[in-house]
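See below for the structure under consideration.
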Amino acid sequence: MALPIISFDLDGVLADPPFGWNPAINRDVSLQTSAQRASSDDFAADNWIGHLLTWTWYRVRYLLRPPRRGALDAVRAAARAHSVIVLTGRHERGRGQTQAWLERHGFSPYLDELIMNGGPLGSARYKEAALAERAVALHADDDAATAALLARNDIPVALLDWPRNRGLDFPRGVMRYDDMDKLAAALGGLERGNERL
């Protein structure tokens, strides 16, 4: 029998953004469940721009980001009784650099899968589609739109606190955590049989 999944977003959750500033958070908490797709992917992996980005921007974009304090403890706690995946909106072109970052910071031994966005969907819709057919016990994210959309799909969400995701009206199923240490403690409680976060 497969273990239930705990999934973690990467940037803003496992990795600190540059200068501790996280401007990419989407604050639209009104997204309704949907399988809508964008009409095109302007940066398809087989075009020359995609190859150029792979060898330049994706090599340096995430290189110096440190792990968020407590992130490794949270992943370790989740892995004790769950299958752990990293579900990131980062493009598939950056897979090599992302895997190297996870290995360098000690996450890899606890991960069962790294899922990256290789298609035209925006981050929230992509994560909705990626988790649709999986037995997900919890997803940890910092993006307000993603948290609201997944909660509407009956996926419990641990929302990591950032200024841009505060003051919004979230649906049931979104639980806010001030930091990764508190999430790690809650995940440890799941391991001990406490089914509520």
Measure the [atom1]-[atom2] distance between [X] and [Y] for me, rounded to the nearest 0.5 Å.
X      : Y      : atom1 : atom2 : answer
Glu113 : Arg134 : CD    : CZ    : 4.5 Å
Ser7   : Leu87  : OG    : CG    : 5.5 Å
Thr88  : Ile85  : OG1   : CD1   : 11.5 Å
Ile5   : Asp112 : CD1   : CG    : 8.5 Å
Glu128 : Gln32  : CD    : CD    : 10.0 Å

Side chain to side chain contact (heavy atoms under 4.5 Å, CB included) partners of [X], counting only residues at least two apart:
X      : answer
Leu72  : Arg76, Phe107, Tyr110
Asn26  : Asp28, Asp143, Ala145
Arg164 : Ile25, Arg27

By the definition salt bridge (charged side-chain N to carboxylate O under 4.0 Å, His left out), identify the one residue from Arg166, Arg68, Lys182 that meets it with Asp161. Arg166
Examine distances only and state if a side-chain atom of [X] and a backbone atom of [Y] form a donor-acceptor pair shorter than 3.5 Å.
X      : Y      : result
His91  : Arg93  : yes
Trp101 : Ala15  : no
Arg95  : Ile115 : no
Asp73  : Gly70  : no

Side chain to side chain contact (heavy atoms under 4.5 Å, CB included) partner of Leu138, the single match among Ile155, Leu187, Leu150, Val157: Leu187
Quick one: does [X]'s side chain get under 4.5 Å of [Y]'s, heavy atoms only?
X      : Y      : answer
Arg176 : Leu160 : no
Leu131 : His139 : yes
Gln99  : Leu114 : yes
Asp179 : Tyr177 : no
Asn22  : Pro17  : yes

Checking Asp9, Asn117, Asn153 against Lys127 for side chain to side chain donor-acceptor pair (under 3.5 Å), the one that qualifies is Asp9
